[in-house]
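This structure is a prediction, so every number in the text was calculated from the model and none was measured. Just so you know, ligand 1 is whichever comes first in the structure, and atom 1 is the first atom listed for that ligand.
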Amino acid sequence: MEKPRAEWGSDVVVDLLKAFEIEYVALNPGATFRGLHDSLVNYGGNHAPEIVLCAHEEIAVGLAHGYARVKGRPMAAAVHNVVGLQHASMAIYNAWADRLPVIVMGGTGPMDTANRRPWIDWVHTALVQGNLVRDFVKWDDQPASVEAIPDSFVRAYRLATTDPMGPVYICYDGDVQEKRLDKEVAFPPLDRYPAPLPLQAPEEGFEKTLRWLLEAKRPVILADWVGRREAGFRALIELAELLAVPVLDQFGRLNFPVQNPLNLTGQQDKVIPQADLILALDVPDFEGAVTKRAQEKGNRRAVPLLSSGAKIINVSLDDLLVRAWATDFNKLREADLMIMADTSVFLPELVRRLKAEKSGLDKLRGEIDRRRGEWNDIYEEKKAALERETKTKWDEKPVSMTRLYAEIIEAVKGENWVLTNGSSQGKENLYMPASEFNQILGKYKGGGLGYGLPASLGAALAHKGSGKLCVDLQPDGDLLFTVSALWTAVHHKIPLLIVVCSNRSYFNDEEHQERIAIVRNRPIENKTIGIRIEDPEVDFGAMARTYGCWGAGPITEPKDLTKTLREAVKVVKEGKPALVDVVCQMR
Ligand SMILES: Cc1ncc(C[n+]2csc(CCOP(=O)(O)OP(=O)(O)O)c2C)c(N)n1
Ligand SMILES: [Mg+2]
């Protein structure tokens with residue numbers, strides 16, 4: 001079929017969305033982008049991209065965030081002028097902190113005050129709207145004519161998808177969107193604007209890293225964002241295994257198979273003090289990775305675990321995306337060698353060079369095997385401790401988190417499952433036996449609640465039709481921010497298993513109030529005031545059903561889990577969302 005010719009300004013935006021293979025535009029409607037909305041439906045045929053209707057802009061952007069985690073490329077969200085953008089801002093910040101691309105589009109104006117309606121066009125127009133989010137997007141723009149739209153979009157897309165990636169915001173003036181075109185708008189040849197090739201380390205970086213790795217007695221790897229690309233994920237496994245180097249996963253993504261005996265995540269107290277070389281791969285928060293939290297007494301400072309004699313190699317792209325507003329760049333990192341490189345090309349090349357060092361490796365064989373055994377002992381201890389915890393708490397009421405993990409594992413056995421979100425403490429990262437690239441998508445990096453369900457829906461949307469079974473391990477407090485995303489899940493038939501961890505509390509803060517009470521010698525029992533989600537308790541199963549979603553629970557009896565989860569999985573496999581509300585322990 002011949003492509004219809006753009007007749008209106010916003011038709012050109014749709015041409016670009018199609019050219020860049022944007023599959024979905026998540027939105028809550030608004031008159032400032034009524035031109036774009038019409039173009040999506042009537043010019044684009046509401047297909048590729050298709051509109052995903054959301055009840056809140058935070059949901060729209062959160063959904064696009066989750067989609068990008070799976071695909072590594074963006075979908076779009078459209079948000080209504082200053083009001084939609086303000087609602088969207090938390091989710092934009094989460095995507096920013098997570099270094100993931102979202103094309104956020106907005107409408108405004110008209111900027112020409114002579115064309116404005118009284119009141120509403122004035123209170124909904126800013127100079128300029130992008131200001132609101134400029135500190136946490138990679139770029140923002142407001143093309144002043146239809147002719148300026150293509151270049152603006154191409155630049156936005158390329159910046160958003162170049163590592164370190166991030167959200168971008170493009171604002172379309174109502175007058176520009178609604179301009180009738182009297183001639184064809186010239187389109188740049190899109191293949192003339194390729195994404196840059198990934199950044200590779202210089203020779204010195206490889207030479208030193210290789211030499212230091214071979215000289216070290218106890219090298220240790222920290223990894224946070226390596227797992228964002230499959231090539232990096234695979235090469236890291238090879239590297240760790242070749243040299244018997246333990247990996248401490250920081251869980252920005254799944255960086256290393258959970259059940260690999262070299263996965264000593266959670267054992268930093270035992271591992272870090274032994275290290276004479278740390279290879280930090282895409283670790284923005286180095287401090288957090290090599291220290292122990294000692295929050296019990298209300299302390300903020302962390303206790304160092306790393307010996308001062310240990311060498312540090314840092315490989316990352318972090319310094320390429322630093323802004324002065326939020327300090328999401330974390331504490332200043334020390335290192336003996338700083339390499340600015342993309343781990344998805346650095347690690348495969350490092351492994352290739354390492355394998356070529358045959359004689360060097362052969363000489364070290366005995367030593368490598370010895371330390372492999374010693375690290376393996378720690379792994380076995382860790383495994384036994386996890387199993388012990390599961391067993392001890394098996395019949396406890398409310399349901400223990402470890403029992404819940406075990407039941408979920410059983411319910412999805414044999415399925416190609418993906419964990420799209422996690423609990424506040426993230427212990428599922430130790431229990432869920434993920435081994436595949438992107439099998440655990442991780443939690444928010446921005447720490448803004450309201451993330452779990454929207455991002456999980458985005459992930460499930462990205463996986464739709466792929467045979468993957470997506471599971472959202474969903475804390476209750478986080479869910480309450482964006483629970484109306486259930487409507488979107490049902491309406492758009494997004495298959496997702498939502499397991500609500502109902503501890504009926506914003507428990508993370510209960511812990512903080514307890515610490516403060518201890519320090520101030522005040523009544524600890526008051527820690528639940530202003531924090532517990534009780535009186536009334538929320539019935540998430542019933543809530544799901546009001547949105548037309550399959551919902552079960554609240555489950556209070558551990559023995560009821562198996563059957564209910566099995567039924568829920570069946571619903572999800574039929575292509576629909578299902579929610580199981582589980583009353584569970586605080587931690
Ligand atoms: C937007 C936002 N508001 C408040 C907080 C502070 N906060 C951090 S964790 C937390 C409690 C989360 O409760 P829930 O999601 O139920 O997880 P739980 O700690 O109970 O496991 C709160 C309120 C936040 N991080 N983000
Ligand atoms: Mg909670």
message = Using the rule given for side-chain hydrogen bond (donor to acceptor under 3.5 Å, both in side chains), can you reason through Gln142 versus Gln129, listing the C-alpha separation, both sets of side-chain angles and the distance that settles it, and then say yes or no?
response = CA-CA 9 Å; Gln142 189 165 311; Gln129 215 157 266; 6.0 Å; no

[X]-[Y] side chain donor-acceptor pair, cut-off 3.5 Å:
X      : Y      : answer
Glu510 : Thr528 : no
Asp318 : Trp225 : no
Ser456 : Gln474 : no

2.8 Å shell around the Mg ion (ligand 2), exclusive bound, protein N/O/S atoms =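 Those protein atoms number 3 in total.
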
query = For the rings on Tyr451 and His65, is their centre-to-centre separation under 6.0 Å?
reply =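 Yes - the distance between ring centres of Tyr451 and His65 falls below the 6.0 Å cut-off.
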
message = Using ring centroids (six-membered ring only for Trp), state whether His124 and His80 fall under 6.0 Å.
response = yes

remark   = Contacts for ligand 1, heavy atom under 4.0 Å, by chain and number, are Ser424, Gly447, Gly448, Leu449, Pro475, Asp476, Gly477, Asp478, Phe481, Asn503, Ser505, Tyr506, Phe507, Asn508, Asp509, Arg587

key: Qualifying residues under salt bridge (charged side-chain N to carboxylate O under 4.0 Å, His left out), relative to Asp98, sequence neighbours excluded   = Arg69, Arg253

request  = With sequence neighbours excluded, tell me which residues meet salt bridge (charged side-chain N to carboxylate O under 4.0 Å, His left out) with Glu387.
outcome  =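 Partners of Glu387 by the salt bridge (charged side-chain N to carboxylate O under 4.0 Å, His left out) criterion come out as none, since no residue qualifies.
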
key: Step-by-step side-chain hydrogen bond (donor to acceptor under 3.5 Å, both in side chains) determination, Asn263 to Thr265   = CA-CA 6 Å; Asn263 190 332; Thr265 309; 2.4 Å; yes

